[in-house]
Amino acid sequence: MFLIDLMGAALTLIAVGFLALGGYLGALRLLGEDARRDPLALAVASLLLATAEAVGIGLLLGGLGVLRIDLALALQAALALALLVGFRKSPPPGGIGAPARAIFERSWALLRAHPALSLLTLHSVGSEALRGLLRPPLSWDSLMYHLLLTGTWLRDHNLDPVFGNIPNNYYGYVPANGSVWFWWWMAPSHSEFWINLATLPHWLLLGLATGGIARRLGAGRHWPLAAFLMLLTPTVVRFAAAQYVDIFVGAVLLSAAFFALRWIDEADWGAVVLTGAGLGLAAGAKVLGVFYAFALAATVVPLARGSWGRRLPQIVAALVVASLLGGFFYLRNLAWGADPLALVCEKTASGPENGNTPTIPRQNSVIDLWRPMMERGWLVDAFLGITRPAELELGVGPQAFVLLLVALLLPFGLGRERWRESLIATAQIWAELAFWLAVPFAKNYHVFANVRYLMPAFGLAFAGGVAFGERRRVSDRWMEGITIAFLAQGLLQL
């Protein structure tokens, strides 16, 4: 048994390693000279492309009914080899490994520059990772459908809808890019032993993308503070070693925002492809990802500068990439006789006699339940992380106030030179807040769990808050002191 487990660990490491290699090489190709000059952009692009390759290969093989780990690894190895061969004629200065060394050197320098923040963050997520290795995957949504889908597809080698008893039958129609990602962590060992670690790469990507956005908003020195704030937000750490897909959605969407903020100034093909990849991955992982991705694209495109003769082909390319990575499950629903979002199947999920046509605002949403929620203090408690005996979810903590302040003040606080970036960030925050208030089910303490749907909004708020503080010339000591106070409170909540 020990040898079998050891072999499973080795095969899992090989599979994840090939994904990381392919993502890194693809990022080198797309970013060009910026890969050497900007280790942060290279790290974000590498993690985003590793995810895109994993999901893309899974969708291709699963759609063909041959979702097997040997074929998946062969495709990924062939892709990595093709990228390596492509660098033979024009390798990066210093070799292919030089930009990777720059990432590690820069990361170590940042950790040393912020020892208290680093220790708090690494301690909290390290504890989650250790528990993830010792305990089985028992989180509610993981068992209800995320891993139910992954395990069934692992057995059947396809991506067909997975039906069961009410209410599980509805979840056969959900978009499931996250479950495809989890497949890569289960297929090599044919077990769930490593699955609790599968979200950690996106936990890291979530923080890095938040820091990158802070830098695009003008935080030249203090952008790491935004990354730390995001990484140790209690509702983020709560799901860092679980198979919910909210960290996945937040990470890829904020990565798309990071490269979109670059694209509005520079009509760069690498940035637009990475933006399309992030939007597609988010849309294909969760229905709310469709709205979030559309809201971001609808704000970014009109604010782009430069020749539209060059930008229009890039927009088409981003749309194609996003459709390939985000459209599979919606097209599959059509092929199985449902509408793309399978809204009609809500009647099946709750029983035909309880079926209702979805409306906006939806029944049992926050807006629908506004009065009792305000009377009982549930909204404030949910954001501050005050749990109830029947609910063990964690909210945001005191840094939730940053969300409100940034949403109100950011358009006026970053100066004229950053007005487009601040408008994009603010519009996305308000779009996500409006969706959260009007659509998700929030009855019977669900509002405590559903705060996690706002992870991308929190990332944008932290990025904007740090950029705002730096522009207002808040001292380094105060900036870091406030961040440490927030993180310490988050650790206490955990």
Side-chain angles (χ1 to χ4, degrees), residues 18-19 22-23 25-27 29-31 44-67 71-72 74-76 78-80 82-83 149 153 158-161 173-184 202 205 245 248-249 251-260 263 268-298 300-301 311-336 340-342:
F18 268 121
L19 292 175
L25 295 174
R29 178 63 65 190
L30 285 177
L31 294 180
V44 173
S46 299
L47 288 168
L48 179 62
L49 286 178
T51 306
E53 291 167 7
V55 171
I57 290 172
L59 295 177
L60 174 63
L61 296 179
L64 296 173
V66 289
L67 186 58
L71 296 177
L75 278 178
Q76 181 60 24
L79 176 61
L83 289 168
L149 300 178
W153 295 339
N158 59 43
L159 296 179
D160 290 348
Y173 288 111
V174 295
N177 279 355
S179 293
V180 176
W181 169 258
F182 296 143
W183 179 87
W184 282 86
H202 296 118
L205 179 58
V245 297
F248 180 104
V249 171
V252 297
L253 189 80
L254 289 178
S255 298
F258 170 55
F259 289 109
W263 180 76
D268 178 76
W269 276 99
V272 81
V273 169
L274 290 164
T275 300
L279 295 177
L281 289 168
K286 203 160 188 162
V287 171
L288 63 80
V290 177
F291 177 80
Y292 287 3
F294 178 80
L296 181 61
V300 166
V301 171
R311 289 193 180 275
L312 282 177
Q314 294 180 346
I315 293 172
V316 172
L319 180 61
V320 170
V321 172
S323 299
L324 290 173
L325 291 172
F328 174 87
F329 292 101
Y330 304 104
L331 293 175
R332 185 202 62 179
N333 290 349
L334 285 173
W336 280 72
L341 299 180

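Heads up: numbering here begins at 1 and tracks the sequence. The shown structure was predicted, so the numbers you read here are calculated from the model rather than taken from an experiment.
Within the 4.5 Å cutoff, no side-chain heavy atoms of K286 are placed close to those of F248. Side-chain contact check for V245 versus W181: every heavy-atom pair is 4.5 Å or farther apart. Taking 4.5 Å as the limit, every side-chain heavy atom of L48 sits out of range of all side-chain heavy atoms of F258. Within the 4.5 Å cutoff, the side chain of L31 has heavy atoms near those of the L274 side chain. The closest side-chain heavy-atom distance from P313 to W269 is below 4.5 Å. The shortest side-chain heavy-atom distance between L49 and L30 falls under the 4.5 Å cut-off. With contacts defined as side-chain heavy-atom distances shorter than 4.5 Å, the pair L59/V180 qualifies. The shortest distance between side-chain heavy atoms of L61 and L75 falls below 4.5 Å.
Remark: L279 CG to Y292 OH distance equals 14.0 Å, nearest 0.5 Å.
Checking side-chain atoms of Q76 against main-chain N and O of F18 turns up a donor-acceptor pair under 3.5 Å. Between the side chain of N177 and the main chain of L325, a donor-acceptor pair closer than 3.5 Å is present. The backbone N or O of Y173 lies less than 3.5 Å from a partner atom in the side chain of N333, making a donor-acceptor pair. Side-chain N or O atoms of R311 include none that pairs as donor or acceptor with a backbone N or O of V301 at under 3.5 Å. With hydrogens and angles disregarded, a donor-acceptor distance shorter than 3.5 Å links the side chain of Y330 to the backbone of A283. In this structure, R332 contributes its side chain and L159 its backbone to a donor-acceptor pair below 3.5 Å. In terms of modelled atom types and a separation under 3.5 Å, the side chain of W153 and the main chain of D160 share a donor-acceptor contact. Between the side chain of S179 and the backbone N or O of L149 there is no donor-acceptor pair closer than 3.5 Å.
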